[in-house]
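For reference, the structure discussed in these notes is given below.
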Amino acid sequence: MFWCTWKSTALLLPFLFFWLSGTSVQAAASTCPAPVPASYPAPVVRNGFEARLVATGLKKPRGVIVDSNGRLLVVEAGKGITHMTIKDDGWPCLSVEKTTTIVSMSDLNHGIQLSIDGKTLYASSSNSVYSWAYDADAIRVSDEKSPKTLISNMTNAGGGHSTRTLLISRKQPGILLVSRGSGSNIDNGATDHSSGISQIRAFNISDPNLGTPGGGGKVYDYPSEGWTIGWGLRNSVGVAEEPNTGGIYSVENSADGIKRFGVDIHEDSPGEEMNYHGVLRFPSSTPANQSSSVNQGQQQGGNHGYPYCLALYNSSASPSFPSLGDLKTGSQFTHDSTPYSIPFLPSSDSSSTSSSPQAKPINITTSDTSCSSTNFIPPRLTFPAHTAPLDIKFSNGNGNDNQSLGLGLAYISFHGSWDRSTPAGYKLSAVRFDTSKGEPLEASDSTNSLVDVMWNRDVSKCPGQCFRPVGLAVDGQERIWMTDDDKGDVWVLKQVGEVKDEEGADGGSGSGNVNGDSDSAAAPMRAKRSGSCAEWLGVGMSAMAAVIGSLLFAVL
């Protein structure tokens, strides 16, 4: 009798264990919030990544950063800066717990950064850069209505290209980079360095008296102060510092509606560009030794060609590219709107040889030799035309299997085309980097440098039924936060496994079969059993069913 009772009890123990386990997992699963529903068809996420929509309904969310407490700060263009507290129950159970408007300022439109210590917040309008003291614990800024003005005089005539991207250097603390685009499609003012148009400039903001409220402090004049990181850059909205070598990279939106010798080539050229600007240094310092083969020994402050020269992307496009000659992907060429009649003007600060950009006269002619690397710095990589790259952020290597192989990723958001017969872009992609050299793995003439991470299933429906990525932030857990100013969304993505070659949004090498097996744009895709939320509930139920089956077999 005792034996039978013990045996029955023993047989029931696994059932009770899994019942209790299932109950606890079910309780845990109930704390995982339902994904936010999307208003468009489910995007496709590459094998090895998962994605989740965490917020919607924002007003044109643009730049995004992560503060010292792991919370988001988002610029809502025309509104101000929003703080988002993230409820984190383990991947993929992330949701927005609370939103707080910490700055109400309608002229903010894109740029946002935090100081390295996380205590100073910076943001930009089309004309100025502002700062506030920031308290991450209290979720507030000091003097919300009266910030310090640090840099001014950046408004473009006619209002064209109004965003001003900000970057705080991690390698050179106290240095702020500010990118300003052109005022029009082909802006001849960019030929004059003293205009400040189509440039990335750096400013020393470590002076405590800078921008003191009440007019007692210094305010930098953008065109004439600071120093040049690069110019001849039509509109470099994304700017980033490679975390290992400190090299500065930018992604540039190139020109629209271009003709060459009377032939309309705008469908496939010029391409969008990734440009390299050397390692950041103060103007008086000696250029850093660079192991990279990219523009080895290049001086920062060089001219990248706009508006004189633009970069070829597709040499085999139809109609054929006029007078192709020896040009290949990444080669710079002249075009029908090249300002031949305007002389190349030297730098206004040419008296300082250490900070002067290229200041020699250049004889611009219809010959493409005018656009050679002797005169202008060519792009490091060239991307499909009109895909509109708006941000670039590097992975930090935490938990990234590629790090042990000396590989890193630079994530790039492609906002998407508006002037192309077949839409292009509308995706998040990555470029693979050699971390020891701080440069892309692909050659400069590659047309396969992009690894697509998340894209729309049918770009023919874009932009109406598509996500349009803008700002990116990579946090300490290698999660990628991404804004969408068209739909008012915030996404979060994470690499959860090996990234394999397959076909991406635009096909081509390095990109097999379109993946993504979820019918919901909000659901995590290609989910792995990570021990979180409802993933393990199915495991527990299966095990319980097996135990019940064993019990029935024993009884029968």
Side-chain angles (χ1 to χ4, degrees), residues 110-113 115-116 120 122-131 147-156 161-183 189-190 192-212 217-233 235-241 246-250 252 275-288 298-304 345-359 377:
H110 182 81
I112 186 169
Q113 280 283 277
S115 58
I116 294 177
T120 306
Y122 304 90
S124 62
S125 68
S126 60
N127 188 66
S128 303
V129 176
Y130 306 100
S131 74
K148 292 182 178 181
T149 301
L150 308 182
I151 304 166
S152 195
N153 196 13
M154 297 189 291
T155 299
N156 286 332
H161 292 147
S162 61
T163 63
R164 306 290 175 256
T165 301
L166 308 180
L167 173 67
I168 292 285
S169 172
R170 265 48 187 171
K171 298 290 187 180
Q172 295 281 6
I175 302 302
L176 174 68
L177 276 62
V178 184
S179 178
R180 175 187 178 187
S182 64
D192 180 2
H193 179 268
S194 66
S195 70
I197 293 171
S198 297
Q199 298 181 13
I200 301 173
R201 299 187 70 84
F203 300 86
N204 185 351
I205 57 171
S206 60
D207 185 348
N209 294 317
L210 182 65
T212 302
K218 177 180 176 56
V219 176
Y220 285 117
D221 176 71
Y222 184 88
S224 63
E225 298 187 271
W227 66 95
T228 309
I229 301 302
W231 64 306
L233 300 161
N235 190 28
S236 294
V237 187
V239 185
E241 185 176 52
I248 303 298
Y249 285 88
S250 68
E252 179 182 357
N275 288 300
Y276 178 65
H277 308 287
V279 175
L280 181 63
R281 68 184 193 280
F282 287 91
S284 59
S285 65
T286 301
Q298 168 195 324
Q299 300 285 319
Q300 70 180 25
N303 191 306
H304 292 261
L345 299 178
S347 163
S348 62
D349 59 0
S350 59
S351 59
S352 173
T353 57
S354 61
S355 62
S356 173
Q358 181 180 349
I377 301 172

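Worth knowing before you read on, the calculation uses all heavy atoms, side chains too, and leaves out hydrogens, waters and symmetry mates.
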Review point. Can L210 and K148 be said to form a side chain to side chain contact (heavy atoms under 4.5 Å, CB included), step by step?
Key: CA-CA 8 Å; L210 182 65; K148 292 182 178 181; over 6 Å; no

Can you tell me how far apart [atom1] ([X]) and [atom2] ([Y]) are? Round to the nearest 0.5 Å.
X: I229; Y: S179; atom1: CD1; atom2: OG; value: 11.0 Å
X: W231; Y: H277; atom1: CH2; atom2: NE2; value: 14.0 Å
X: Q300; Y: I377; atom1: CD; atom2: CD1; value: 10.5 Å
X: I205; Y: S131; atom1: CD1; atom2: OG; value: 7.5 Å
X: R180; Y: I200; atom1: CZ; atom2: CD1; value: 13.5 Å
X: I168; Y: I112; atom1: CD1; atom2: CD1; value: 11.5 Å

[Y] side chain reached by [X] side chain, heavy atoms, under 4.5 Å:
X: L177; Y: L166; result: no
X: I175; Y: L280; result: yes
X: I197; Y: D192; result: no
X: E225; Y: K218; result: yes

Tell me if a side-chain donor or acceptor on [X] pairs with a main-chain N or O of [Y] at a distance below 3.5 Å.
X: S115; Y: T120; answer: yes
X: Q199; Y: G232; answer: no
X: S198; Y: A190; answer: no

Practice item. Under the side-chain hydrogen bond (donor to acceptor under 3.5 Å, both in side chains) rule, collect the residues that match up with N127, sequence neighbours excluded. Key: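 In terms of side-chain hydrogen bond (donor to acceptor under 3.5 Å, both in side chains), with neighbours along the sequence ignored, N127 is linked to S152, T155.
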
Taking all non-hydrogen atoms of both residues into account, name the closest pair between [X] and [Y] and its distance.
X: H161; Y: N156; result: O-ND2, 3.3 Å
X: E241; Y: G246; result: CG-O, 3.7 Å
X: K171; Y: S169; result: N-OG, 3.2 Å
X: Q172; Y: R281; result: NE2-CA, 4.2 Å

Check your understanding: In chain order, what residues pass the ring pair (Phe, Tyr, Trp, His ring centres under 6.0 Å) check against F203, with sequence neighbours excluded?
Key ->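 By the ring pair (Phe, Tyr, Trp, His ring centres under 6.0 Å) rule, F203 matches Y220, Y222.
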
Exercise for review: Apply the test side chain to side chain donor-acceptor pair (under 3.5 Å) to residues N235 and E252: give CA-CA distance (whole Å), side-chain angles for both, the deciding distance (0.1 Å), then the verdict.
Suggested key: CA-CA 5 Å; N235 190 28; E252 179 182 357; over 6 Å; no

Review point. For R164, which of V237, V178, I151 qualifies under side chain to side chain contact (heavy atoms under 4.5 Å, CB included)?
Key: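 It is V178; the other options fail the test.
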
Exercise for review: Could you give me the CA-CA distance, side-chain angles and deciding distance for S224 and D221, then say whether side chain to side chain donor-acceptor pair (under 3.5 Å) is met?
Suggested key: CA-CA 6 Å; S224 63; D221 176 71; 2.5 Å; yes

Check your understanding: Will you find, in the side chains of H110 and S124, an N or O donor that is under 3.5 Å from an N or O acceptor?
Key ->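 Side-chain D/A pair, H110 to S124: absent.
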
Practice item. Take the angle between the ring planes of Y276 and Y249 and call it parallel below 30°, perpendicular above 60°, tilted in between. Key: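 If you compare the ring of Y276 with that of Y249, the planes turn out tilted.
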
